[in-house]
Engineer: 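Dropping a structure here in structure tokens format, bear with me for questions.
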Amino acid sequence: MEAAEKEVTEEQCQALYHLTTRLILQGEDAFQRQVGLQVQEAYARYHRDEFARFFSKEYVLGLLQQGYGSLDHRDPAVLDFLHGSLRLLISCPAVLELAPLLQTEVLRIICERPEPATCAKLATILTDFPQCVPREKAGVLFCQQLVRTFAYFHCPATEERELREYVTQVTRVSVLLQGIWKAEPATLLPSLQEVFAIISSTDPSFEPSIALASLVQHIPLQMITVLIKSLTTDQNVKDASMTQALCRMIDWLSWPLANHVDTWVIALLKGLAAVQKFTILIDVTLLKIEQVFNRLWYPIVRQGALVVLSHMLLSFQHSPEAFHLVVPHVVPLVKSLKNDGLPNSKTFLLQFAELVHCMMYQYSGFPDLYDSILESIKELPKPNEEKIKFVLNQSAWTSQSNSFASGLLKITGKSETGKTGLVNLGNTCYMNSIIQILFMATDFRRHVMSLHLNGSNTLMKKLQLLFAFLAHTQRAAYSPRSFLEFSRPPWFTAGSQQDCSEYLRFLLDRLHEEEKTLSVLQVTSPKPEPATTSAETLQNAVSQPVDDIPSHPDPVVAKGDGRTLVERMFGGRLSTAIRCLQCHSLSEKEEPFTDLSLAFCPSMSKCHGPTEEHKSSSAVAPCQGAVNGGSESSEASVKEGAGTRMERPVVEPTLSVPDLVDYFLAPEILENENCYFCERCASLQRAEKVMQVVAAPEYLILTLLRFSYDATCHVRRKILDNVGIPLHMSLPLHQHGIAASSSSSTAATSSSSDSPESGENLAKKLKPSQKEDGVMENRTDSETNDSDTETLSVPYVLSSVVVHSGMSSESGHYYSYGRNVSSTDGYVAHPCPKTLESSSLSQSSTASQEEMGCADQKSTDWFLFNDSRVTFTNVDSLRNVTGRFPKDTAYVLIYRKQEVSGQPSNSGPVVNGSRLSGEPPLQKELMDAITKDNKLFLQEQELNARARALQATSASCSFRPNGSDDNEPPGSCGPSGGGGGGGFNTISRLVF
């Protein structure tokens with residue numbers, strides 16, 4: 001080495017270079033190889049020109065094609081020697097002369113699919129000497145072949161050292177590709193196409209290496225949208241190929257050093273959901289969910305695997321199958337995370353527990369599967385119900401953003417509200433609006449969903465199934481055809497517009513009578529053996545505690561008085577007292593009711609309101625407001641009755657719901673044609689009639705009698721008064737003393753016909769389950785003790801409102817506002833005794849509203865249900881709807897009674913004295929029906945998406961964006977507005 005500084009001849013240098021090369025490549029031991037390397041470096045430094053002539057093109061070509069002696073040309077030692085020699089010539093022109101040769105040779109070597117070690121050596125050479133990287137077309141081909149070579153990078157090693165070396169080699173090659181993609185952007189897309197061609201291969205004899213995962217981190221994230229859209233909308237990509245590609249991308253989660261694999265996997269999952277290829281998603285999820293879960297055991301890949309697992313489980317909402325595949329592995333993993341002592345395990349455990357809570361909420365009703373899980377995570381925080389619903393709604397396949405899809409592929413999944421609409425089956429808005437407000441009656445819905453009705457074919461079973469679909473279907477709107485056929489009143493003509501309040505009364509009455517009948521059958525029929533008690537009756541399910549609901553440890557509160565569910569939820573009692581003004585005898589009758597029909601005072605409704613007889617005559621028939629006859633008003637009469645009202649400036653309503661209730665309960669003098677026949681006087685006499693609420697319902701249904709019959713013009717007109725709808729109100733409840741108590745406890749064994757005096761004030765009366773209170777008592781004034789009567793102010797909070805849009809009872813449209821409200825919402829009131837004379841509702845309600853303030857003015861609490869469409873709204877929109885759209889008026893209102901200190905409540909399941917916010921778990925029969933329909937829906941969506949995609953390739957379409965509906969009422973179906981009232985200058989017509 002010291003002699004290298006001296007002059008030597010050309011022949012001596014060449015001989016010395018040959019000698020040192022042989023020592024480097026074929027030395028017997030490491031010492032000889034090290035000596036040869038040092039001597040060659042020393043002489044090449046002082047005699048560079050001679051070394052350049054030695055390391056000629058022919059010599060390099062021989063090494064790369066034939067090897068050296070016994071060494072194969074693929075031997076890494078040959079490439080190491082080549083790399084070292086190039087470094088000795090790094091500043092010489094000889095390197096540039098060798099570059100074209102090396103560009104060709106490295107491409108040839110890569111096409112031979114060398115081992116990872118050889119590729120890593122080549123990558124090192126090309127990284128240090130980028131001029132040797134193939135250019136232009138050869139560069140594209142080189143990248144594609146290098147990607148293809150990645151697919152053969154299998155690692156049979158099991159030792160940690162060997163595994164680390166393998167990962168290092170793969171990383172070195174991937175860094176080379178990253179550098180080429182940055183220097184030559186034109187090579188990126190062909191490389192990615194080659195990656196997809198490899199991972200989508202369905203050849204069973206070829207399984208690409210997961211080393212391809214190392215390339216993902218080098219793909220620019222801003223290309224995700226473009227690439228995923230290209231893949232998911234390409235008609236040439238078969239489902240089998242896409243399934244294979246997705247499965248292999250999920251396999252990449254096992255690669256330890258790859259970043260962004262989870263991002264690309266989720267992007268592809270969302271892209272497939274956006275174009276509605278649900279079959280692929282279902283197959284891949286069921287095939288790979290357990291493998292993804294198993295990745296959670298390895299800290300180095302744990303976080304990315306959890307992101308993918310969360311998306312796969314949360315989006316798989318049509319069936320519990322995927323979640324139940326991993327349920328057996330949850331508890332062992334939780335125990336491991338608690339004990340492994342790693343710094344990030346605690347944070348990871350919190351995230352994992354939140355995911356598990358969301359899934360158990362989505363698929364409740366499996367206590368045998370979930371008990372051990374709940375025990376293992378009981379000390380970890382649980383997300384609230386609002387957050388769980390938000391997460392589930394955002395993750396559903398049908399809720400995915402459509403940024404990956406073309407304009408034709410529009411998702412028809414649920415709205416952002418997470419609520420389900422109802423398909424209009426032809427003039428069935430009357431039914432849809434009623435179903436939605438009953439569904440939004442939270443405690444009633446929970447009781448219905450808690451019933452055990454397996455195998456029955458009752459109306460309650462149909463309602464339970466419909467509620468289950470509204471809560472859990474993935475459809476944006478569910479078709480209630482089966483329920484319509486089962487619940488439609490016999491006198492309703494199919495396809496015709498009907499009155500929603502009449503339908504509501506019929507529905508509740510039928511549910512009530514059905515439960516009574518089943519209860520009687522249960523008592524009279526032989527008691528079944530324990531082994532055959534699978535088909536429980538309705539009454540048994542309602543009146544017995546629901547002990548097998550895992551999420552509600554305390555049973556559903558059920559009265560032991562034999563009342564039906566309808567009676568317990570909607571039933572109240574009304575006392576009617578008529579006092580003869582001649583002899584002062586008093587006749588009293590107490591009857592049940594499910595809704596109160598509120599007439600408009602003649603002075604309130606002006607010229608187009610009801611006549612003086614309206615209050616007493618409006619409810620003589622049980623179905624006042626029902627469209628069972630009468631003439632449709634003509635164009636002229638409609639304009640005459642409403643024209644001036646419509647054109648006036650919007651003002652605040654001067655009339656409110658409490659005013660109508662006050663009018664309903666106000667004393668009435670019966671005189672002239674309405675004189676009362678007094679049995680004591682045995683003649684018609686002037687009398688005073690007073691009605692009092694003696695038992696307040698849990699849900700107070702109020703029907704505003706807006707359709708009055710004009711006897712002069714012989715037309716049925718609509719009262720368009722804007723009625724104020726308070727968020728809170730109070731109902732005066734009269735409680736009698738000893739006399740009243742004994743009277744109410746007296747049971748009549750036979751049912752008497754309703755007298756006109758009582759029937760005229762009740763929209764619909766239930767036949768009591770235990771006794772009939774149709775007996776009228778006659779007493780003198782001396783027998784009446786007013787001191788035994790006190791008035792309580794029972795607080796109510798608004799739950800839902802049905803709005804009628806239109807000018808006539810025979811036409812128009814119904815839609816509804818609703819929110820989830822239960823007996824504990826708002827405030828807890830204390831009973832306020834009042835005298836009988838000061839029982840005005842408006843007086844008590846004013847104070848109550850001031851006391852309650854604006855406790856529940858949250859804008860997201862309210863939903864607008866308009867057949868298939870469901871949107872967020874707020875209470876201001878409800879209150880102002882008639883002011884903005886005069887044809888849209890509140891028709892049916894439901895108020896929820898609030899808990900009063902010292903009084904029992906018929907609220908839903910309770911634990912430790914407080915109501916649970918969760919819904920009862922789905923029973924297996926309901927879960928199976930929903931799962932089956934959800935799968936059918938996903939298949940329908942996929943077929944429709946494919947059909948639209950085929951149409952898009954053969955025809956061009958123009959689209960008009962959906963316009964804002966701020967200038968049309970919620971019930972609008974077109975430019976005329978009002979949902980079919982026909983406008984002010986058109987003849988009224990049906991619109992659905």
Side-chain angles (χ1 to χ4, degrees), residues 1-110 114 117-135 142 168-169 172-173 175-176 179-180 183:
M1 291 178 64
E2 295 176 355
E5 301 178 10
K6 301 178 181 179
E7 291 188 8
V8 291
T9 63
E10 178 76 19
E11 291 77 10
Q12 289 176 325
C13 278
Q14 295 297 328
L16 191 58
Y17 291 145
H18 281 291
L19 175 60
T20 54
T21 298
R22 187 168 63 252
L23 289 175
I24 294 172
L25 295 177
Q26 293 184 323
E28 295 180 358
D29 51 33
F31 176 74
Q32 289 187 1
R33 292 192 291 274
Q34 184 67 24
V35 169
L37 182 61
Q38 292 178 353
V39 171
Q40 188 178 80
E41 287 181 353
Y43 275 83
R45 184 180 302 112
Y46 292 102
H47 307 282
R48 185 164 294 179
D49 293 338
E50 287 79 2
F51 185 73
R53 286 192 288 272
F54 165 76
F55 202 69
S56 63
K57 291 182 180 181
E58 293 77 11
Y59 188 80
V60 172
L61 188 61
L63 284 175
L64 294 178
Q65 290 186 355
Q66 301 173 9
Y68 187 89
S70 60
L71 294 179
D72 185 76
H73 66 284
R74 294 187 179 185
D75 196 298
V78 173
L79 294 178
D80 282 338
F81 175 73
L82 177 64
H83 187 204
S85 300
L86 288 174
R87 292 178 61 187
L88 294 175
L89 299 172
I90 192 168
S91 59
C92 294
V95 174
L96 297 178
E97 296 175 1
L98 291 172
L101 171 67
L102 292 175
Q103 290 175 4
T104 303
E105 287 302 308
V106 294
L107 178 57
R108 181 187 60 79
I109 294 173
I110 290 300
T118 302
C119 280
K121 300 294 185 182
L122 274 179
T124 304
I125 295 174
L126 296 180
T127 301
D128 289 346
F129 298 93
Q131 59 269 40
C132 297
V133 176
R135 304 292 179 184
F142 175 76
T168 302
Q169 294 166 354
R172 193 173 299 163
V173 180
V175 170
L176 169 65
I180 297 175

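Heavy atoms only: backbone and side chains are in, while hydrogens, waters and symmetry mates are out.
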Engineer: What pair of heavy atoms forms the shortest contact from V60 to L82, and how long is it?
Structural biologist: CG1-CD1, 4.0 Å
Engineer: Looking at Y17 and F55, would you say the former's side chain and the latter's main chain have a donor-acceptor pair under 3.5 Å?
Structural biologist: no
Engineer: Within a strict 4.5 Å, meaning less than it, do heavy atoms of the Q103 and F142 side chains meet?
Structural biologist: no
Engineer: Check residues 118-126 and write down every donor-acceptor pair under 3.5 Å in which the side-chain atom is one partner and the other belongs to a residue at least two apart or another chain.
Structural biologist:
residue, atom, partner, partner atom, Å
T118, OG1, R74, O, 3.1
K121, NZ, D80, OD1, 3.1
K121, NZ, D80, OD2, 3.2
T124, OG1, A120, O, 2.9

Engineer: Compare every heavy atom of L86 with every heavy atom of L98, then report the nearest pair and how far apart it is.
Structural biologist: CD1-CD2, 4.0 Å
Engineer: Give, for atom CG of L16 and atom CZ of F51, the distance between the pair rounded to the nearest 0.5 Å.
Structural biologist: 11.0 Å
Engineer: Could you give the distance from CD (Q40) to OG1 (T21), rounded to the nearest 0.5 Å?
Structural biologist: 4.5 Å
Engineer: Ignoring hydrogens, what is the shortest heavy-atom contact between A77 and L71? Give both atom names and the distance.
Structural biologist: CB-CD1, 4.4 Å
Engineer: Could you tell me how the ring of F54 sits relative to the ring of Y59: parallel (under 30°), tilted (30 to 60°) or perpendicular (over 60°)?
Structural biologist: tilted
Engineer: Do Q32 and Q26 pair up side chain to side chain, a donor and an acceptor below 3.5 Å, judged on atom types alone?
Structural biologist: no
Engineer: Nearest 0.5 Å please: distance from the CG atom of L19 over to the CD atom of Q12.
Structural biologist: 13.0 Å
Engineer: Is the number of heavy atoms from other residues, nucleotides or ligands under 6.0 Å of R87 CZ greater than 12?
Structural biologist: no
Engineer: Which pairs pass salt bridge (charged side-chain N to carboxylate O under 4.0 Å, His left out) with one or both residues in residues 29-52, sequence neighbours excluded?
Structural biologist: E50-R53
Engineer: Would you say L102 and F129 make side-chain contact, with heavy atoms under 4.5 Å?
Structural biologist: no
Engineer: So do the side chains of L23 and V39 get within less than 4.5 Å of each other, counting heavy atoms only?
Structural biologist: no
Engineer: Are R108 and L64 side-chain neighbours, meaning at least one heavy-atom pair lies under 4.5 Å?
Structural biologist: yes
Engineer: Quick check: closest heavy atoms across A99 and C132, and the distance to 0.1 Å?
Structural biologist: CA-SG, 4.2 Å
Engineer: Rounded to the nearest 0.5 Å, how far apart are CD of Q14 and NE2 of H47?
Structural biologist: 12.0 Å
Engineer: To the nearest 0.5 Å, what is the distance between OG on S85 and CD1 on I24?
Structural biologist: 7.0 Å
